[in-house]
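Position 1 is the first residue of the sequence; numbering continues from there. Scope of the values below: all heavy atoms of this structure, side chains included, with no hydrogens, waters or symmetry mates.
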Amino acid sequence: MNTTVNAMDILRPARAAGALRDIDFHLARHLVALAREPSAPLALAIATLSRAQGDGDICIDLARLSDRAVLVEDASGFAGITAPSLTDWRDALAASGLLSRATDAPDESHDGFPLVLDAADRLYFTKYFHFEQRIAAALRRRSEAAPLADDAAIDAALAVHFTGAPGIDHDPHQRAAAHLALSRRLAVITGGPGTGKTTTVAKILATMLALSGLALSGDAQPRIRLAAPTGKAAARLGESIRGAKARLLADGIPAALVARIPEDASTLHRLLGTRPDTRRPRHHAGNPLALDTLVIDEASMIDVPLMARVVDALPAHARLVLLGDRDQLASVEAGAVLGDICAGARTVADGGSVATLVTSHRFRGDSGIGALARAINAGDASATLAALGADDATAQVSGTPAQVIDALVARAVAAWRAYLATTDVIEANRQFGTFRVLCALRDGAFGVSGLNARIESGLADAGLINPRDRFYRGRPLLVTANDYGIQLFNGDIGLAWPGEDGRLRACFVAADGTLRSFPLNRLPAHETAFAMTVHKSQGSEFDEVAMVLPDHDTPVLTRELVYTGVTRARQKAVIYGDTALLAGAVQRQVARTSGLRDALRRD
């Protein structure tokens with residue numbers, strides 16, 4: 001026991017400085033106590049891995065971290081702990097009896113060992129190593145499978161949907177993506193806002209149904225399911241598919257065919273199913289999903305454990321179509337699955353499974369938001385700053401912290417005066433949805449909690465709300481947990497609004513425009529939604545976005561976060577915050593450590 005205590009001493013300063021969470025420290029202590037030879041390098045490796053996983057990494061690269069300071073905590077001034085040499089780290093891990101090597105047989109089980117070290121000196125918790133390997137193996141099998149249909153037949157069928165001169169009705173990148181999805185068991189379609197991902201999928205599904213006799217070995221009615229990581233994203237997918245179906249009808253596609261395109265989407269968790277007696281989903285390799293094609297939208301939000309469970313549950317013959325923007329924020333949990341797939345798998349031009357849509361039909365070529373998004377993605381700080389204010393679609397508000405917040409509150413009051421003045425709850429919901437404040441942080445004066453309070457005060461000072469109680473007329477409600485019983489999902493936004501009897505109810509507008517209202521005490525977990533995090537905004541769009549940078553630099557302030565926030569705007573994006581912080585964020589890219597892209601490249 002004393003040996004374990006001594007081994008843990010190396011971590012105590014990092015824990016005191018806030019560089020380690022309690023869970024990181026206690027997990028390291030638990031595993032060190034099980035080790036055949038406890039040691040400080042072992043404790044440091046486990047704690048660093050646990051901390052990194054909390055930050056979104058799947059593994060840690062021992063070669064990159066060796067002989068360098070790890071667990072640095074800038075906020076507290078903690079300079080970190082110097083890691084041992086790579087040789088010393090390997091030796092300590094090998095002597096512990098806790099480590100399995102994945103150098104010669106990466107697909108073996110490694111059961112009984114909590115840690116795995118691969119041939120590239122990446123250290124994993126075994127469970128996450130298995131998740132990653134299962135994803136890679138499943139995607140490689142699908143991408144290498146024989147074609148599902150004849151190229152000539154696919155081209156002839158696609159000609160119905162891609163006609164005329166190049167443009168919105170004949171985007172060559174969309175057509176290439178459609179051909180990929182119709183011919184292969186894996187299609188990854190990535191592109192920025194307005195590039196037509198959902199439109200392309202609707203055309204894919206219409207063509208698939210028309211070709212169903214060829215595409216699935218004679219199955220006359222392919223079983224197609226639509227899904228997304230969150231309830232809000234699933235609702236948006238269904239709404240987008242309905243809009244795309246209307247356009248297909250307008251283009252003369254037979255109504256009987258269009259009617260067969262599904263438009264109901266579910267969350268991935270609901271698709272996989274849950275069982276009350278276990279965390280294992282109802283559908284898995286031994287009980288696969290009953291479908292022939294699975295379309296998943298907002299794939300950038302999928303974490304590694306969830307993706308592993310999805311590919312496990314897919315029947316061998318099924319197509320998998322992943323849609324998403326590879327440049328958006330990755331999942332809140334560990335991994336960057338879509339980004340790793342796009343980086344590791346071959347493109348459609350090289351005979352692979354990744355197709356990229358490049359033409360935005362939402363933002364014109366000279367659009368301010370489009371130019372701003374391109375500059376951010378390129379990591380070009382000068383071009384980003386030049387794009388702000390280049391036309392009426394973009395702007396920046398800077399100054400002292402107090403001036404920035406005052407300007408933001410004034411804009412919020414002006415933007416939301418109309419919804420609070422109306423008497424119609426459906427119209428109020430619509431008008432509230434035209435403007436949104438997006439934050440990088442949850443806490444602090446420039447985070448969700450602080451800005452929601454300041455905006456409430458500003459609206460109250462203007463006589464627009466009366467927030468004496470927890471609920472008040474017009475309070476925006478952001479659902480933060482799924483409730484399948486009343487069909488409210490994480491990300492849904494509604495308003496507290498008087499019912500016919502004058503009592504406040506939670507009022508939400510469904511995708512078809514109908515009103516759904518509930519007693520306030522029936523609401524699942526929720527929070528005020530004048531301001532929300534950029535993460536929570538994924539899958540949503542607003543006419544105008546006010547994106548608020550924090551008043552200090554922070555690792556979460558990245559290119560992907562700024563890009564995701566800006567591209568939630570349809571008509572105008574305004575960035576509130578310091579120019580230097582914005583320039584720094586654009587040049588800081590999320591780099592999550594994993595082995596998935598290498599595993600996808602492996603023969």
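Under a 3.5 Å cut-off, the side chain of R175 and the backbone N or O of L158 do not form any donor-acceptor pair. With hydrogens and angles ignored, the 3.5 Å screen pairs a side-chain donor or acceptor of R592 with a backbone N or O of G335. A donor-acceptor pair under 3.5 Å links the side-chain atoms of T558 to the main chain of L561, judged by distance alone. In this structure a side-chain-to-backbone donor-acceptor pair under 3.5 Å is present from K245 to I261. Looking at D292, its side chain does come within 3.5 Å of a backbone N or O of R223 through a donor-acceptor pair. Under the 3.5 Å distance criterion, the side-chain polar atoms of T394 are matched with a main-chain donor or acceptor of A387. The backbone N or O of I58 lies less than 3.5 Å from no partner atom in the side chain of E132, so there is not a single donor-acceptor pair. Counting only distance, with no hydrogens or angles, the side chain of D57 and the backbone of I60 share no donor-acceptor pair below 3.5 Å.
Side chains of T199 and R247: a donor-acceptor N/O pair is present below 3.5 angstrom, by distance only.
Across all their heavy atoms, A375 and V586 have their closest contact at O-CG1, 4.3 Å. Taking every heavy atom of both residues into account, A334 and P305 meet most closely at O-CD, 4.3 Å. Closest heavy-atom contact between R326 and G339: NH2-O, 4.5 Å.
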Exercise. May I have the step-by-step check of side chain to side chain contact (heavy atoms under 4.5 Å, CB included) for Q487 and R516, ending in yes or no?
Key: CA-CA 10 Å; Q487 293 291 290; R516 304 177 65 229; 3.4 Å; yes

Practice problem: Just do the side chain to side chain contact (heavy atoms under 4.5 Å, CB included) check on V304 and L596 with the steps written out, would you? | Solution: CA-CA 10 Å; V304 164; L596 181 56; 5.5 Å; no

Exercise. Step by step, work out the side chain to side chain contact (heavy atoms under 4.5 Å, CB included) result for L257 and L248.
Key: CA-CA 10 Å; L257 179 64; L248 290 176; over 6 Å; no

Practice problem: Starting from the C-alpha separation in whole Å, work towards a yes-or-no answer on side chain to side chain contact (heavy atoms under 4.5 Å, CB included) for R142 and R184. | Solution: CA-CA 7 Å; R142 292 181 187 284; R184 307 290 286 273; over 6 Å; no

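Paired with K536 under the rule side chain to side chain donor-acceptor pair (under 3.5 Å), one option of T230, N490, T480 passes, and it is N490. Remark: of the listed residues I189, V188, T190, T195, T190 is the sole one forming a side-chain contact (heavy atoms from CB on, under 4.5 Å) with T356.
For R568, there are no salt bridge (Lys or Arg N to Asp or Glu O under 4.0 Å) partners two or more places apart in sequence or in a different chain. A search for salt bridge (Lys or Arg N to Asp or Glu O under 4.0 Å) contacts involving R430 returns E427, not counting sequence neighbours. Residues meeting the ring-ring contact (aromatic ring centres under 6.0 Å, His included) test with F125, sequence neighbours left out: none. Partners of A393 according to the side chain to side chain contact (heavy atoms under 4.5 Å, CB included) rule, which considers only residues two or more places apart in sequence or in another chain, are I369, D391. Residues satisfying the side chain to side chain contact (heavy atoms under 4.5 Å, CB included) criterion with I486, sequence neighbours excluded, are D483, L488, F518, R522, P524. Here R122 pairs with D118, D598 under the salt bridge (Lys or Arg N to Asp or Glu O under 4.0 Å) rule; sequence neighbours left out.
Here the OG1 atom belonging to T48 is positioned 10.5 Å from the CZ atom belonging to R51, to the nearest 0.5 angstrom. Rounded to the nearest 0.5 Å, atoms OG (S143) and CG (L180) are 10.0 Å apart.
The side-chain heavy atoms of T207 and I154, taken from C-beta on, include no pair separated by under 4.5 Å.
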